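Here is how names work: the chains are called A, B, and so on, in the same order as the sequence lines, proteins then strands, and each is numbered from 1. Because the structure is predicted, anything quoted here is derived from the model rather than measured.
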Amino acid sequence: MKQIRSRALLGAVVAALAATSLAACGGDEKTPADGDKSGSPAAGDQKVTISVSDYPSTENADARAAFERQAEAFQELYPNITIEPTETAYQADTIQALIAGGTMPTTLLIPFTDIGRMMELDQVADLTDYAANSEALSNLNPSVAKIATDSSGRIRGVPYSAYTMALLYNRSLFTEAGLDPDAPPTTWEEVRAAAKTLTEKTDAQGFELMTMENTGGWMLTNMSYAFGGKPINDEGTESTVNNPGTKAALEFYRAIRWDDNAMGDNFLVNWGDQANDFASGKTAMTVFGADAYNRFITNLGMSKDDYGVAPLPQGTGGLGALGGGGVLVVNPASTPEQIDAAVKWAEFYWLAPYIDQERAVQRAKDDLAAGTPVGAPGLPIVNAAQYEKYLGWIAEYIDVPRENYTLYTSTVETLPIVPEPSVAGQEIYAALDPVVQEVLTNRDADIDKLLADAQVAVQAILDAAQ
Amino acid sequence: MLRPVPPPSVPMPPGGVGPDRRRPGRRRVRSPLAWVRRGGLTTLAFGLPIIVMFAVFSWWPIVRSVAMSVQKTNFIVTEWVGWSNFERVLADPMLGKAVWNTVQFTAWSVVIGFPVPVLVAVVIAELRRARGFASALAYLPVIVPPVVAVLLWRALYDPSPQGALNSVMGWLGIPPAAWLNNADIAIPAIVVEMTWASFGSATIIYLATLMTIRTELYEAAELDGASILGRVWHVTLPQMRGILLIMFLLQILSVFQLFTEPWVMTGGGPANGTLTVMILIYRYAFVAGDYGRATALSLLLAVALGILSAVYLAATRRWSRT
């Protein structure tokens, strides 16, 4: 305990030092931090060892070898840094044990959904000072970088992949139902009509949405964005669940479920159920992260010609689509030298392949060898111009029918990304799960009352989080 | 390292009967030296591994969780917050719902789950042949890993008209049910799964008890003209009451701590219809990251169950004497 305290103290000193530098918020991070701290706060050639999470397991020999090659190249570039790969990977219910036991690796990959809570609890290191001079970090898509920036503007992680919610649809089921797979629905009315047709003309159910284990609230938040509402205000102080956008979203749920009868019979659907149902063709349309190509095609065996992605339709006053992805965080108990090395690793391993042609090509080759799709649709983490350049470099390795996603890829820049609630995201989702379930399982559900109750419950969560 | 066992420090005549033989019923005050001389250290050395195991993996976590219930911690920095975790638990509107659901789970498990193993054990005990086979058959579901069993039943309860149970009901002309999607049916439906998964262990325990009942009792009852049901009612059940009372208490204690089945089947839904106290604790800890509140509710649950057990044992003391 004593050691942990003193490390926390050290962390506080580092944070205080860092607080003297710029308060960057996704903008121009190229400004040098402090005059004398060119490069980073840590000395350049001190020996340092960092442990790195998500080392592919031995069953995945190609991916493991590719990882090792990258680590070797990195260590050649920075001879003073030793990379110690570990197979440890993030899991919501073991992460606290990792932290409590002091076994959290120096760098860990976590989903956007959890960075908010870990920032609040101060369980991730402050990288602001170390990131200040990073060229790769300054090229990040600003709206993506914002996800890993805390409420005081401090950088608490390096986003390495990102996606927005999209409408996924099964192209062959569309054809079977007499719909045009190249003209997916673009409004929620068209989604309803298509779902009805699909339900009637195929064996599949037209539409499905996740409802349990917090995914119900997650999805309702996304649907609220699409209909023009947010569950809490941007400061994270006030519950705004009872808003016209969320109400319109729930009215949509009610209509497609009870009026159109196009959502099947099961309304206890978690993330895994949803993935299986869509991959197996049991469900023709769903809302899911647009980056799920690898999951559906490689892991679940869906045909790549069946997989369709369309931008998330927007209702009146729609705000955009909920965005998510992955972010690399650093153990807060790390020494300044370790944090510095961790940021360099994040840059080298995750960001450089988008900026350096040689690395881009090497990564594409490695991915192909490891069976990971190249060129899968998703949200670029670098700016649009850079991403186009990157796609040009890897053009000959792309093994994904990108022509099927032109509508998505051509609008992904224009459809705003709305981040998840900044405070207590998972708790808010848990409070909204029952609302969604009630509307889908009870024909006479009183949407106004449900929203009024949820408004109070979410306010209590926010008050407790202050 | 084997050494000859040292002779007893107090010489005793063969047969162990002598003038200074320990008299029962009288407590002897032993000095630490005498304890050591009597081989206390050896006993301790043998006991040490298990004591250390318990201390590290059982007692220390209990102490830590009691402390954590009055702390706010992120496992890096910890501060003491007094009773506020308990206050927040008691102020949570979900607590009432969770407690009520848990009571309903318990009530259903008493109605559905408690009689089943008793009946099965009595029937198996009456079998003249293949008794071992029948008890193995009854025990079979217990060896299915809990999550697998739960997922199997989740598939059985598929609410679509093509779902397994709904198909069977369709052949009988009964309209399909929503099963887990209907908050009124979900609790008993989950209790049916739990009963299926666990009645085997209770059956084995009851069977063992039934085997110890003296056959003269049945013969006497038969001479008195008791029917089979009469024999079960007047001989079997009274002879089993000690074990029945204990099993009843154990069942209530375990159902009050129900987590896996509703968590995997419904996640506490629909609309919190199967939210249990343990799921609420899980949400506090792993959704909200609020370990203080989670341990506070855990302690409250432990205290409530402790009181319940004490009251139950006191109330049934008279009956449980056999």
Side-chain angles (χ1 to χ4, degrees), chain A residues 1 4-5 7-9 11-12 92-102 104 114 117-118 120-123 205 211-216 264-270 273 282 332-333 424 426-427 429-431 433-442 445 450 453 456-457 460-461 464-465, chain B residues 64 67-68 72-78 84-85 87-88 91-94 97 151 154-155 157-163 166 176-186 262-275 279-280 282-294:
Chain A
M1 209 56 182
I4 292 172
R5 284 247 173 77
R7 281 186 172 181
L9 188 68
D93 41 10
T94 55
I95 175 71
Q96 298 304 332
L98 284 184
I99 294 171
M104 174 177 166
D114 291 68
R117 187 183 69 181
M118 290 182 73
E120 276 167 57
L121 291 175
D122 238 351
Q123 291 176 328
Q205 78 184 54
T211 65
M212 66 188 267
E213 291 166 15
N214 304 352
T215 62
D265 301 288
N266 184 28
F267 306 100
L268 293 170
V269 182
N270 65 21
D273 299 331
K282 192 183 160 199
Q426 293 297 318
E427 264 186 287
Y429 295 157
D433 269 5
V435 173
V436 171
Q437 292 171 7
E438 180 73 13
V439 170
L440 294 177
T441 58
N442 178 6
L450 286 169
D453 291 349
V456 175
I461 292 168
Chain B
R64 279 295 306 275
M68 206 184 279
K72 181 179 181 208
T73 182
N74 61 357
F75 295 124
I76 297 168
V77 183
T78 298
S84 77
N85 290 328
E87 285 162 14
R88 287 188 301 130
D92 186 346
M94 280 298 116
K97 178 91 181 157
L151 290 175
R154 203 177 165 213
Y157 285 138
D158 182 345
S160 71
Q162 297 81 33
N166 278 342
W179 299 115
L180 302 171
N181 279 265
N182 179 338
D184 298 327
I185 306 178
W263 179 251
V264 178
M265 279 215 209
T266 62
N272 289 325
T274 56
L275 175 73
I279 291 181
L280 195 59
Y282 180 92
R283 283 190 188 165
Y284 286 164
F286 301 114
V287 176
D290 192 344
Y291 301 93
R293 197 156 50 132

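- For the atom pair T73(B) OG1 and I99(A) CD1, the distance stands at 10.0 Å (nearest 0.5 Å).
- Top candidate by heavy-atom pairs under 4.5 Å with chain A, chosen from G267(B), P159(B), P93(B), is P159(B).
- Under the 4.5 Å side-chain criterion, counting only non-hydrogen atoms from C-beta, N74(B) is in contact with D122(A).
- Looking at E213(A), only its side chain comes within 4.5 Å of chain B, counting heavy atoms on both sides.
- Taking CG of L180(B) as the reference point, atom CG of N266(A) lies at 8.0 Å (rounded to 0.5 Å).
- Shown here are the side chain to side chain donor-acceptor pair (under 3.5 Å) partners of R154(B), two or more places apart in sequence or in another chain: D273(A).
- Taking both residues in full, the closest heavy atoms of R88(B) and A464(A) are given as NH1-CB, 4.3 Å, listed atom of the first, atom of the second, then distance.
- Counting all heavy atoms, side chain and backbone alike, A288(B) lies closest to E427(A) at CB-CD, 3.1 Å.
- Contacts of A178(B) with chain A are absent, with no heavy-atom separation under 4.5 Å from either backbone or side chain.
- Using a 4.5 Å cut-off between heavy atoms, M94(B) does not touch chain A at all.
- N214(A) touches chain B through its side chain: at least one heavy atom from C-beta onward sits under 4.5 Å away, while N, CA, C and O do not.
- Residues that satisfy the ring-ring contact (aromatic ring centres under 6.0 Å, His included) test with Y157(B), not counting sequence neighbours, are W153(B), W179(B).
- No other option in Q426(A), E438(A), M212(A) has as many heavy-atom pairs under 4.5 Å with chain B as M212(A).
- Neither the backbone nor the side chain of P176(B) comes within less than 4.5 Å of any heavy atom of chain A.
- Annotation for D265(A) and P161(B): closest pair OD2-CD, 3.3 Å, computed over non-hydrogen atoms.
- Expressed to the nearest 0.5 Å, how far CG of N181(B) lies from CG of N442(A) amounts to 12.0 Å.
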